[in-house]
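A short write-up of the structure that comes next.
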Amino acid sequence: MNAELAGPVLDDHMHLDPVHGRGVDAAREFADSGGTHLLVVNKPSWHLLDSLPSGREDFEDVFDLTVDVVERASEELPGRAWPVLGVHPALVSQLVDEGHDPESARDLMQAGLAAAAEYVADGSALGLKSGRPHYEVSDAVWTASNDVMKHGFELAAEADCAIQLHAESGEDFRAVAEWAEDRGLPRERVVKHYSGGRLEGITKSVISHKDELELAIEEGEPFMMETDFIDDPDRPGAVLGVGTVPSRVRWLREQGYDEAIERAHVETPADVYGIDTEATLE
């Protein structure tokens with residue numbers, strides 16, 4: 001760990017692909033860059049297994065691969081990694097294209113989320129992942145997607161965990177926050193992955209571009225940092241490279257943003273996920 005980063009450095013949303021990608025090697029590069037902790041989100045089944053899920057067992061195959069690579073990645077980190085498991089919202093479109101109606105696609109996706117929640121319940125995973133499409137869809141698909149996301153809130157409330165959302169761009173998620181609270185899930189435990197620096201309603205996981213990080217700091221609210229590294233050999237370094245968060249923390253330190261670093265890598269992860277990134281450092 002680099003001396004100037006003598007403290008937790010968490011990437012809140014990264015993918016590790018042990019089948020087609022770099023897997024543990026990417027986690028090792030993250031550590032070599034100064035990173036300490038990772039939240040690893042499972043890749044969709046059509047990327048990891050090259051097929052669409054047809055039932056609960058297919059989701060579990062994806063989750064098992066993710067849990068295993070996270071365990072091995074943790075061995076390479078000064079801190080540790082945690083799995084975040086769930087169902088990518090774009091699955092609804094994949095299923096509809098294959099002949100499902102939106103309602104049967106919804107039911108299958110909700111079954112996948114229920115399976116993920118069992119991994120949280122037994123301690124194998126830290127949180128859930130859900131959301132809704134970030135592109136134009138029919139009204140029926142939009143309704144089905146919102147039903148899946150709301151079910152995710154119910155499951156997260158039951159499991160007493162956070163949930164990350166993949167959703168459309170925008171700054172106003174107050175209605176989504178109300179949906180979560182109506183189902184017993186505190187709004188701060190709902191995290192918008194790939195967020196910009198300004199967001200209303202739920203917690204932001206800011207994509208680590210300098211301008212968005214500066215905006216998040218100006219807003220003065222809880223936030224975390226992420227790369228959304230997808231571990232795709234056909235797109236190396238996408239969305240951002242594995243060393244980006246440590247590099248940005250180093251830059252923030254040079255700018256004198258020590259309090260913001262503490263907020264993003266210690267305080268907000270503790271409040272949202274219940275993790276202690278300081279106590280889990282070697």
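Predicted, not measured: the structure shown is a model, and the values here were computed from it. Atom set for the values below is all heavy atoms of this structure, side chains included, hydrogens, waters and symmetry mates excluded.
Looking at residues two or more places apart in sequence or on another chain, you find no ring pair (Phe, Tyr, Trp, His ring centres under 6.0 Å) involving Trp179. A search for side chain to side chain contact (heavy atoms under 4.5 Å, CB included) contacts involving Thr277 returns Pro8, His37, Val266, Pro269, Ile275, not counting sequence neighbours. Under the side chain to side chain contact (heavy atoms under 4.5 Å, CB included) criterion, Glu178 pairs with Arg187, not counting sequence neighbours. Looking at residues two or more places apart in sequence or on another chain, you find a salt bridge (Lys or Arg N to Asp or Glu O under 4.0 Å) between Asp160 and Arg189. Scanning for ring pair (Phe, Tyr, Trp, His ring centres under 6.0 Å) contacts around His209 gives an empty result, with sequence neighbours left out. In this structure His166 satisfies the ring pair (Phe, Tyr, Trp, His ring centres under 6.0 Å) test together with His88, His134, His193, sequence neighbours excluded. Every side chain to side chain contact (heavy atoms under 4.5 Å, CB included) that Glu218 has, sequence neighbours left out, goes to Leu215. Residues satisfying the ring pair (Phe, Tyr, Trp, His ring centres under 6.0 Å) test with His100, not counting sequence neighbours, are none. The side chain to side chain contact (heavy atoms under 4.5 Å, CB included) check on Arg72 picks up Pro18, Val24, Asp68, Val69, with sequence neighbours excluded.
In the model, Asp232 has no side-chain atom that pairs as donor or acceptor with a side-chain atom of His47 under 3.5 Å.
Under the 3.5 Å distance criterion, the side-chain polar atoms of His265 are matched with a main-chain donor or acceptor of Leu10. A donor-acceptor contact shorter than 3.5 Å is absent between the side chain of Asp228 and the backbone of Ile230. At least one donor-acceptor pair closer than 3.5 Å links the side chain of Thr268 to the backbone N or O of Arg263. In terms of modelled atom types and a separation under 3.5 Å, the side chain of Asn42 and the main chain of Gly86 share a donor-acceptor contact. Not one N or O on the side chain of Asp12 forms a donor-acceptor pair closer than 3.5 Å with the backbone of Glu226. A donor-acceptor contact shorter than 3.5 Å is absent between the side chain of Asn146 and the backbone of Arg132.
The structure places OH of Tyr119 at 3.5 Å from CG of Asp64, a figure rounded to the nearest 0.5 Å. The CG atom of Asp182 sits 10.5 Å away from atom CD of Glu154, with the distance rounded to the nearest 0.5 Å. In this structure, CD on Glu267 lies 9.0 Å from CD on Glu278, to the nearest 0.5 angstrom. Residue Ile261 holds its CD1 atom at 10.0 Å from CH2 of Trp251, rounded to the nearest 0.5 Å. We find the OG-CG distance between Ser130 and Leu165 to be 6.5 Å, quoted to the nearest 0.5 Å. Between atom CG of residue Leu49 and atom NZ of residue Lys43 there is a gap of 11.0 Å, rounded to the nearest 0.5 Å.
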With side chain to side chain contact (heavy atoms under 4.5 Å, CB included) as the test, would you mind laying out the steps for Val67 and Leu85 before giving the verdict?
-> CA-CA 9 Å; Val67 169; Leu85 305 179; 4.2 Å; yes
Do Lys150 and Gln110 pass the side chain to side chain contact (heavy atoms under 4.5 Å, CB included) test, and can you show the C-alpha distance, the side-chain angles, and the key distance before you say yes or no?
-> CA-CA 10 Å; Lys150 291 172 185 176; Gln110 288 181 341; over 6 Å; no
Between Tyr273 and Gln164, is a side chain to side chain donor-acceptor pair (under 3.5 Å) present by the stated rule, with each step listed?
-> CA-CA 10 Å; Tyr273 300 109; Gln164 290 195 10; 3.0 Å; yes
Going through the distances and angles, do Leu113 and Phe59 end up as a side chain to side chain contact (heavy atoms under 4.5 Å, CB included)?
-> CA-CA 9 Å; Leu113 277 172; Phe59 289 109; over 6 Å; no
Tyr135 vs Ser93, side chain to side chain contact (heavy atoms under 4.5 Å, CB included): CA-CA, chis, key distance, verdict | CA-CA 10 Å; Tyr135 47 87; Ser93 299; 2.6 Å; yes
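At least one side-chain heavy atom of Val176 sits under 4.5 Å from a side-chain heavy atom of Phe153. Pro102 is not listed as a side-chain neighbour of Thr143, based on a closest heavy-atom distance of 4.5 Å or more. Looking only at side-chain heavy atoms (C-beta outward), His13 and Lys129 come within less than 4.5 Å of each other. Between Asp11 and Phe229, the closest side-chain pair of non-hydrogen atoms is not below 4.5 Å. With a 4.5 Å cut-off on side-chain heavy atoms, Val242 and Thr227 do not count as touching. Side chains of Ser208 and Leu240 form a contact here, defined as non-hydrogen atoms less than 4.5 Å apart. Counting only heavy atoms from C-beta outward, the side chains of Val148 and Pro89 never approach each other to under 4.5 Å. With contacts defined as side-chain heavy-atom distances shorter than 4.5 Å, the pair Leu252/Met225 qualifies.
Taking every heavy atom of both residues into account, Pro53 and Ser45 meet most closely at CD-OG, 2.9 Å. Between Ser33 and Gly243, the closest heavy-atom pair is OG-CA, 3.7 Å. Pairing each heavy atom of Met109 with each of Leu95, the nearest pair is CG-CD1, 4.3 Å. Between Gly7 and Thr36 the shortest heavy-atom distance is O-CG2, 3.8 Å. Counting all heavy atoms, side chain and backbone alike, Phe30 lies closest to Val9 at CZ-O, 3.5 Å. Contact between Leu48 and Thr66 at its shortest, heavy atoms only, is CD2-OG1, 4.4 Å.
Between Arg253 and Asp258 there is a salt bridge, since at least one side-chain N of the basic residue sits less than 4.0 Å from a carboxylate O of the acidic one.
Residue-environment remark: CD (Glu136) stays at or below the threshold of 12 foreign heavy atoms within 6.0 Å. More than 12 non-hydrogen atoms from other residues, nucleotides or ligands lie less than 6.0 angstrom from CG of Asp97. Within 6.0 Å of atom CD in Glu171, more than 12 heavy atoms from other residues, nucleotides or ligands are found, so the atom counts as buried in its surroundings.
Sorted by first and then second residue, the salt bridge (Lys or Arg N to Asp or Glu O under 4.0 Å) pairs with a member in residues 102-121 read Arg56-Glu118, Arg106-Asp147; sequence neighbours excluded. Contacts classified as salt bridge (Lys or Arg N to Asp or Glu O under 4.0 Å) and involving residues 76-94 (residues at least two apart or in different chains) are given here: Arg28-Glu76. Among pairs with a residue in residues 202-216, those fulfilling salt bridge (Lys or Arg N to Asp or Glu O under 4.0 Å) read Lys204-Glu221, at least two apart in sequence or across chains.
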